Amino acid sequence: MIPKFSIITVTYNAEDSIEGTVQSVISQEFKNFEYIIIDGASTDKTLAILNKYDNDIDKVISEKDHGLYHAMNKGIRAAKGEFLLFLNAGDRFVHATILNEVDSRILPKTRIVSADFINVKEEGAVDGRYIQTKACTLNNLKKDFAACHQTVFIHRSVASEYDLRYTILADYKWVVQASSQCKLEAIVHIKTAIVYYLDGGLSARYVKENILERVRLHHELFGRIQVIKNIPNYLRRILRELKRLS
């Protein structure tokens with residue numbers, strides 16, 4: 001039987017954060033899913049920790065890769081599930097019934113499901129900032145990435161591979177490409193937080209590169225006029241990141 005979900009976690013030297021992620025996945029009450037770990041040949045205790053859960057993880061691939069999105073493409077190729085979700089090391093489902101809730105919102109025509117998240121500063125924390133996101137429609141996405149990658153389930157029929165020309169925002173482009181193949185009724189948004197998202201990803205660490213890639217992505221996918229319309233969004237993002245880093 002084809003799994004309803006493929007949950008994919010990419011790791012590299014994640015001994016301090018991987019166990020909580022694994023436990024949040026394997027404790028899900030909904031069991032029609034596969035769990036895949038793509039490890040970049042970790043040199044710390046990551047693999048030893050994963051070995052403890054050998055009976056609960058469907059596949060572990062550990063080998064050198066060429067970066068985050070290259071590893072994620074390996075996950076797509078290894079996955080057999082109907083919907084794909086990437087839950088990175090340090091991120092966790094909020095509770096054990098999340099996959100039940102997501103499954104209950106999926107109709108035969110559904111191709112994208114997204115949800116809100118809670119931004120936490122430390123691994124294992126449950127107190128954080130609730131972040132409201134928006135449905136992954138093209139109208140929302142052309143202004144900004146109004147979603148959280150770790151809360152976006154993509155049906156494999158509209159899932160491409162990640163564009164490795166983008167080193168920070170390939171996940172944004174991945175969602176846009178999926179959305180461009182969907183009618184509005186195929187896109188579902190759940191107005192509740194389903195993931196504790198551990199702050200500190202690529203987008204947060206490289207502010208200048210993030211903005212430059214964002215402009216390039218908007219120009220490629222939506223054209224020059226949309227880039228001009230998005231200038232206030234770029235400025236707000238820069239100010240927000242500078243405030244966060246100060």
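What you are looking at is a predicted structure, and each value in this text was computed from that prediction instead of being measured. Any value given below was found using the heavy atoms of this structure, including those in side chains, with hydrogens, waters and symmetry copies removed.
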Any idea which heavy atoms bring Asn32 and Met1 closest together, and the distance? OD1-CE, 3.5 Å
Between CD1 on residue Ile8 and CZ on residue Arg77, distance to nearest 0.5 Å: 11.5 Å
Is the closest side-chain donor-acceptor distance between Glu34 and Ser6 under 3.5 Å? yes
Criterion ring pair (Phe, Tyr, Trp, His ring centres under 6.0 Å) against Phe5, the qualifying member of Tyr35, Phe33, Phe30, Phe93: Phe30
Show your working on side chain to side chain contact (heavy atoms under 4.5 Å, CB included) between Thr151 and Tyr197 and close with a plain yes or no. CA-CA 9 Å; Thr151 69; Tyr197 169 70; over 6 Å; no
Quick one: pull up CZ in Arg237 and CG in Asn230 and give me the separation to the nearest 0.5 Å. 10.5 Å
So, Thr46 and Asp44: side-chain donor and acceptor under 3.5 Å apart, yes or no? yes
Does Ile231 offer a backbone N or O that forms a donor-acceptor pair with the side chain of Arg236 under 3.5 Å? no
Would you say Tyr162 and Asp171 make side-chain contact, with heavy atoms under 4.5 Å? yes
Flag, side chain of Gln181 to backbone of Val158, donor-acceptor distance under 3.5 Å: yes
Determine yes or no for a side-chain-to-main-chain donor-acceptor pair under 3.5 angstrom, with Ser17 supplying the side chain and Glu123 the backbone. no
Is the backbone of Gly90 close enough, under 3.5 Å, to the side chain of Thr21 for a donor and an acceptor to pair up by distance? yes
Taking the side chain as every heavy atom from C-beta outward, state whether Ile37 and Ile61 have any pair of such atoms under 4.5 Å apart. no
With a 3.5 Å distance limit and no angle check, can you tell me whether Glu29 reaches the backbone of Ala96 through a side-chain donor-acceptor pair? no
Would you say CD of Glu122 has more than 12 non-hydrogen atoms from neighbouring residues, nucleotides or ligands within 6.0 angstrom? no
Around Gln132, counting heavy atoms of other residues, nucleotides and ligands shown, do more than 12 lie under 6.0 Å from its CD? no
Should the ring pair Tyr172 and Phe145 be called parallel, tilted or perpendicular, given that the plane angle runs from 0 to 90° and is split at 30 and 60? parallel
Cut-off 3.5 Å, side chains only: do Asn210 and Arg214 have a donor facing an acceptor? yes
Under 3.5 Å, is there a donor-acceptor pair between the Tyr196 and Ser24 side chains? no
I'd like to know if the side chain of Asp103 and the backbone of Ile98 have a donor-acceptor N/O pair within less than 3.5 Å. no
Please answer whether the main-chain N or O of Leu169 pairs with a side-chain N or O of Glu213 as donor and acceptor at a distance below 3.5 Å. yes
Between Asp39 and Ser42, a side-chain donor and acceptor under 3.5 Å: yes
Okay, side chain of Tyr130, backbone of Ala193: is any donor-acceptor separation there less than 3.5 Å? yes
Classify the angle between the aromatic ring planes of His149 and Trp174 as parallel (below 30°), tilted (30 to 60°) or perpendicular (above 60°). perpendicular
Does the side chain of Asn13 come within less than 4.5 Å of Thr43's, by heavy atoms? yes
Salt-bridged, Glu220 to Arg165, with N to O below 4.0 Å? yes
Atom CG of Leu50 and atom CD1 of Ile57: how far apart are they, to the nearest 0.5 Å? 5.0 Å
Is it the case that over 12 heavy atoms from other parts of the model lie below 6.0 angstrom from the NZ atom of Lys31? yes
Could you state the interatomic distance from NE2 (His95) to CG (Asn100), rounded to the nearest 0.5 Å? 9.5 Å
With a 4.5 Å cut-off on side-chain heavy atoms, are Leu85 and Val152 touching? no
Quick one: do Ile118 and Val126 end up in the same hydrophobic cluster if we chain Ile, Leu, Val, Met, Phe, Trp and Tyr together by side-chain heavy atoms under 4.5 Å apart? yes
Verify the distance criterion only: is there a donor paired with an acceptor across the side chains of Glu101 and Thr192 at less than 3.5 Å? no
Check for a donor-acceptor pair, side chain of Glu15 on one end and backbone N or O of Lys45 on the other, with a separation under 3.5 Å. yes
Close side-chain approach of Arg111 and Ser157, heavy atoms under 4.5 Å: yes
On a heavy-atom basis, which atom in Ala147 and which in Cys136 lie closest, and how many Å separate them? CB-SG, 3.7 Å
Is there a side chain to side chain contact (heavy atoms under 4.5 Å, CB included) between Phe117 and Gln150 once you walk through the steps? CA-CA 9 Å; Phe117 66 99; Gln150 284 86 338; over 6 Å; no
Evaluate the side chain to side chain contact (heavy atoms under 4.5 Å, CB included) criterion for residues Ile112 and Ser179: first the C-alpha distance (whole Å), next the side-chain angles of each, then the deciding distance (0.1 Å), finally the verdict. CA-CA 8 Å; Ile112 300 176; Ser179 180; 4.1 Å; yes
What pair of heavy atoms forms the shortest contact from Asp65 to Gly40, and how long is it? OD2-CA, 3.4 Å
Look at the side-chain heavy atoms of Ile, Leu, Val, Met, Phe, Trp and Tyr, link any pair under 4.5 Å apart, and say whether Tyr12 and Ile49 land in one connected group. no
Please confirm whether Arg216 makes a cation-pi placement over Tyr166, using NZ or CZ under 6.0 Å from the six-membered ring centre and within 45° of the ring normal. yes
Would you check if there is a donor-acceptor pair between the side chains of Thr133 and Asp116 at a distance under 3.5 Å? yes
For Lys4, I'd like to know if atom NZ has over 12 heavy atoms of other residues, nucleotides or ligands within 6.0 Å. yes
For the pair Tyr234 and His218, name the ring-plane relationship: parallel under 30°, tilted 30 to 60°, perpendicular over 60°. parallel
Is a donor on one side and an acceptor on the other found under 3.5 Å between the side chain of Asp144 and the backbone of Ala146? no
Heavy-atom check, side chain of Val215 versus side chain of Leu212, under 4.5 Å: no
Search all heavy atoms of Ala135 against all heavy atoms of Ile187 and return the closest pair with its distance. CB-CG2, 4.3 Å
Distance only, no hydrogens: is a donor on one side chain within 3.5 Å (strictly under) of an acceptor on the other, for Glu161 and Tyr69? no
Stepwise side chain to side chain contact (heavy atoms under 4.5 Å, CB included) check, Phe86 with Met72: CA-CA 8 Å; Phe86 286 88; Met72 292 164 81; 3.6 Å; yes
Lys183 versus Lys109: any side-chain heavy-atom pair under 4.5 Å? no
Does the side chain of Val120 reach to within under 4.5 Å of the side chain of Asp199, using non-hydrogen atoms? no
On a heavy-atom basis, which atom in Leu84 and which in Ala79 lie closest, and how many Å separate them? CD2-CB, 3.7 Å
What's the spacing between His219 NE2 and Ile225 CD1 if we round to 0.5 Å? 9.5 Å
salt_bridge(Asp58, Lys80) N-O dist < 4.0 Å: no
Can you tell me how far the CG atom of Asp163 sits from the CD atom of Gln177, to the nearest 0.5 Å? 6.5 Å
Which atom of Ala159 lies closest to which atom of Ile154, heavy atoms considered: CB-CG2, 3.7 Å
